[in-house]
A.B. asks: 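Once you've had a glance at the structure underneath, I'll fire off some questions.
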Amino acid sequence: MKKFTTVNDVNNLNNLLKLALELKQTPFAYKQYGENKTIGLLFFNPSLRTRLSTQKAAENLGMNVMIMNVSQDGWTIEMEDGAVMNQGSQEHIKEAAGVISQYCDIIGVRTFASLKDKSEDYQEKILNKFIQYATVPIVSLESATLHPLQSFADVITIKEHKTTKTPKVVLSWAPHPRALPQAVPNSFVEWMKRYDVELIITNPEGFNLSAEITQGVTITHNQDEAFKNADFIYAKNWSSYDNYGETAPDLLNWTITQEKMSLTKNGKFMHCLPVRRNVVVTDDVIDSENSIVLQQANNRTFAAQAVLLSILKNEN
Ligand code: SN0
C-alpha cells in the first residue's frame, strides 16, 4: 500500500482483514518492520481514539511516534499555490510537507470539513496538498469527506459479530446539536459496498448523502421500516449534503431508543464515538449488551496497525 486515504487504496480487503485479526492475536509479531522508522501524526482537529489507537498501532510495530496539534502549536499553513503570503498564514504547505517528510517515514493527517464550501471539502484540498508535497506515504486520520481507519475498524467489528453470512446493516441518521461532517457515513458506505452485507441507509428527507457515494444503496426515510430485522444499527449524525452543512437538531424522533432497537433481529448497536448520549442514542441502548461501541474502538488499533504494516511492507 502506498497511501491510505480511501477504501480504493486497498487492493485486497480480505487480506487486510485477515492481517488485522492476526495482529489482534499477536500485536508484537512484526516489530522488526517498524524499528528505526518514524510516523508523524498531524492534527488540525480534535481526536481521542484516532490519536491513541494510531500511536498504539505504530508502537506495537516498533515505530517512533511524533504527534503535533498543528492548528494549535504550529505556524498557520498556507494551502494555496502562488499565494502572496502577506496575511495570516506563515508557512506554505510546500515547505511544511517537505520538512515533515525529512523527519518521518509515514505521515498521518487529520483535517475536518469546513462544511461551508462543498466543492473545497469534496476536493479534499488539504489532504491532497499533503499527498502532493510530501515525499512519504500519507495516511488519513479522517479527512474532510472520509474516515477510512474508522470504517476499516467497523468492518472488522462486523466480521467478528455477525451471525449470518450477509448481515443486514442499517446506517441510521440521528439528531445532533451541531452540524457534523459526512466523513464517517460516506466512508462507512464505501467500505460496506466492498464487504458482504445488505446495506440500508435511513435518514430524514433533505439528508441524503452524496448520490455518487450511495449509488446502488437503498435509502429510506422511514427509520422503523429500515430497522426491521436488522443485524447491525450504525448510528451517526451528519449535516445535509444538498443544503450543505445544514442541520436538524430538533428531529429528536430519530434518536436511537430501545423501542426502535426492539424492531431489529437482536441487532447490535454501533457508533464511531464520540457520541452525545440521550440525543443520538439513549443510555439504555448504548449501555446494553447489544452495544459494541467499545469493541469498535478497540479494533481501531488493529485497523491502523494492519494499514501501517501494509505500508511498511508495501503489501495489500
Ligand atoms: C466527528 C465527526 O466527523 O462527526 C468525528 C467523529 C470520529 N465528530 C464530532 O466532531 C463530534 C463533535 C460533537 O460536538 O459532538
Side-chain angles (χ1 to χ4, degrees), residues 4 7 13 16-17 19-28 39 41 43 45-61 63 65 67 69 108-110 112 139-143 146-162 167 169-172 174 176 180-192 195 197 231-238 256 261 267-309:
F4 182 78
V7 74
L13 179 54
L16 196 64
L17 257 174
L19 179 60
L21 292 170
E22 181 195 334
L23 288 165
K24 196 169 179 176
Q25 294 307 313
T26 54
F28 310 115
I39 187 168
L41 304 177
F43 291 89
N45 298 94
S47 172
L48 185 144
R49 276 147 295 278
T50 303
R51 175 170 168 169
L52 296 179
S53 63
T54 310
Q55 176 170 10
K56 188 175 162 84
E59 287 176 358
N60 284 353
L61 292 169
M63 299 186 85
V65 183
I67 300 177
N69 285 323
V109 181
R110 161 160 289 199
F112 283 175
V139 172
S140 163
L141 306 173
E142 183 172 351
S143 66
L146 295 172
H147 193 356
L149 283 175
Q150 176 66 52
S151 311
F152 180 28
D154 298 336
V155 173
I156 298 168
T157 312
I158 288 174
K159 183 178 171 68
E160 287 177 327
H161 288 88
K162 69 178 187 170
V169 176
V170 178
L171 170 62
S172 179
H176 197 283
L180 296 186
Q182 294 115 27
V184 170
N186 281 346
S187 196
F188 186 72
V189 171
E190 276 196 0
W191 284 71
M192 285 299 112
Y195 195 54
V197 300
D231 296 292
F232 295 91
I233 300 298
Y234 195 100
K236 184 71 184 85
N237 171 266
W238 59 87
I256 315 294
M261 290 302 289
K268 304 283 188 209
F269 174 80
M270 298 179 76
H271 190 281
C272 63
L273 308 179
V275 71
R276 303 284 190 125
R277 279 174 174 258
N278 301 309
V279 180
V280 170
V281 56
T282 56
D283 281 337
D284 53 357
V285 172
I286 193 169
D287 292 333
S288 76
E289 282 200 341
N290 283 22
S291 168
I292 53 173
V293 295
L294 295 186
Q295 288 87 333
Q296 270 175 278
N298 186 32
N299 284 331
R300 294 293 308 273
T301 300
F302 309 106
Q305 205 174 329
V307 166
L308 296 183
L309 183 57

A.B. asks: For residues H147 and E142, report the shortest heavy-atom separation together with the two atoms involved.
C.D. replies: CD2-OE1, 3.3 Å
A.B. asks: Check T50, N45, T54, N69 against R110 for a side-chain hydrogen bond (donor to acceptor under 3.5 Å, both in side chains) and give me the one that passes.
C.D. replies: T50
A.B. asks: Determine, stepwise, if the pair V189 / L171 fulfils side chain to side chain contact (heavy atoms under 4.5 Å, CB included).
C.D. replies: CA-CA 8 Å; V189 171; L171 170 62; 3.7 Å; yes
A.B. asks: If every non-hydrogen atom of L146 is compared with every non-hydrogen atom of A183, which pair is closest and at what distance?
C.D. replies: N-CB, 3.5 Å
A.B. asks: So how far is it from E59 CD to L308 CG, rounded to the nearest 0.5 Å?
C.D. replies: 11.5 Å
A.B. asks: For a 4.5 angstrom cut-off between non-hydrogen side-chain atoms, does K236 reach V280?
C.D. replies: no
A.B. asks: Set out, in order, the CA-CA distance, both residues' side-chain angles and the distance that settles side chain to side chain contact (heavy atoms under 4.5 Å, CB included) for I286 and R277, then state yes or no.
C.D. replies: CA-CA 8 Å; I286 193 169; R277 279 174 174 258; 3.6 Å; yes
A.B. asks: Less than 4.5 Å apart, side chain to side chain, heavy atoms only: is that true for T26 and E22?
C.D. replies: yes
A.B. asks: Within a radius of less than 6.0 Å around NZ of K162, do more than 12 heavy atoms belonging to other residues, nucleotides or ligands occur?
C.D. replies: yes
A.B. asks: Distance from I256 atom CD1 to S172 atom OG, nearest 0.5 Å?
C.D. replies: 4.0 Å
A.B. asks: Between S151 and F188, which heavy-atom pair has the shortest distance, and what is it?
C.D. replies: OG-N, 3.4 Å
A.B. asks: So, taking the atom named CG in N298 and the one named OG in S53, what distance separates them when rounded to the nearest 0.5 Å?
C.D. replies: 9.5 Å
A.B. asks: For D154, run the side-chain hydrogen bond (donor to acceptor under 3.5 Å, both in side chains) check against W191, Y195, Y234 and tell me which one passes.
C.D. replies: Y234
A.B. asks: Test side chain to side chain contact (heavy atoms under 4.5 Å, CB included) on F43 and I67; report intermediate values, then the result.
C.D. replies: CA-CA 8 Å; F43 291 89; I67 300 177; 4.0 Å; yes
A.B. asks: Do N299 and E160 meet the criterion of a side-chain donor-acceptor pair at a distance under 3.5 Å?
C.D. replies: yes
A.B. asks: For N290 and F269: C-alpha separation, side-chain torsions, deciding distance, then whether side chain to side chain contact (heavy atoms under 4.5 Å, CB included) applies.
C.D. replies: CA-CA 6 Å; N290 283 22; F269 174 80; 5.5 Å; no
A.B. asks: Taking atom CD of Q25 and atom CG of L21, what is their separation to the nearest 0.5 Å?
C.D. replies: 8.0 Å
A.B. asks: Verify the distance criterion only: is there a donor paired with an acceptor across the side chains of N186 and E190 at less than 3.5 Å?
C.D. replies: no
A.B. asks: Check P27 against Q305 and note the closest heavy-atom contact, atom names and distance.
C.D. replies: O-NE2, 2.8 Å
A.B. asks: Which pair of heavy atoms, one from P274 and one from R49, lies closest together, and at what distance?
C.D. replies: N-NH2, 3.2 Å
A.B. asks: Check whether any side-chain N or O of T157 sits under 3.5 Å from a backbone N or O of A153 as a donor-acceptor pair, and report yes or no.
C.D. replies: yes
A.B. asks: Could you check if a side-chain atom of L17 sits within less than 4.5 angstrom of a side-chain atom of I156, using non-hydrogen atoms only?
C.D. replies: yes
A.B. asks: Quiz question: by atom type and distance under 3.5 Å, do the side chains of T282 and D284 form a donor-acceptor pair?
C.D. replies: yes
A.B. asks: Kindly compute the distance separating CG (L273) from CG (L48), expressed to the nearest 0.5 Å.
C.D. replies: 9.0 Å
A.B. asks: Looking only at heavy atoms, what is the nearest atom pair of P167 and I158, with distance?
C.D. replies: CG-CG2, 4.3 Å
A.B. asks: Between Q296 and H271 (side chain of the first, backbone of the second, donor and acceptor by atom type, cut-off under 3.5 Å), is there such a pair?
C.D. replies: yes
A.B. asks: Look up atom CE in M261 and atom NZ in K268, then write down how far apart they are to the nearest 0.5 Å.
C.D. replies: 9.5 Å
A.B. asks: Under 4.5 Å between any side-chain heavy atoms of F28 and N60, yes or no?
C.D. replies: yes
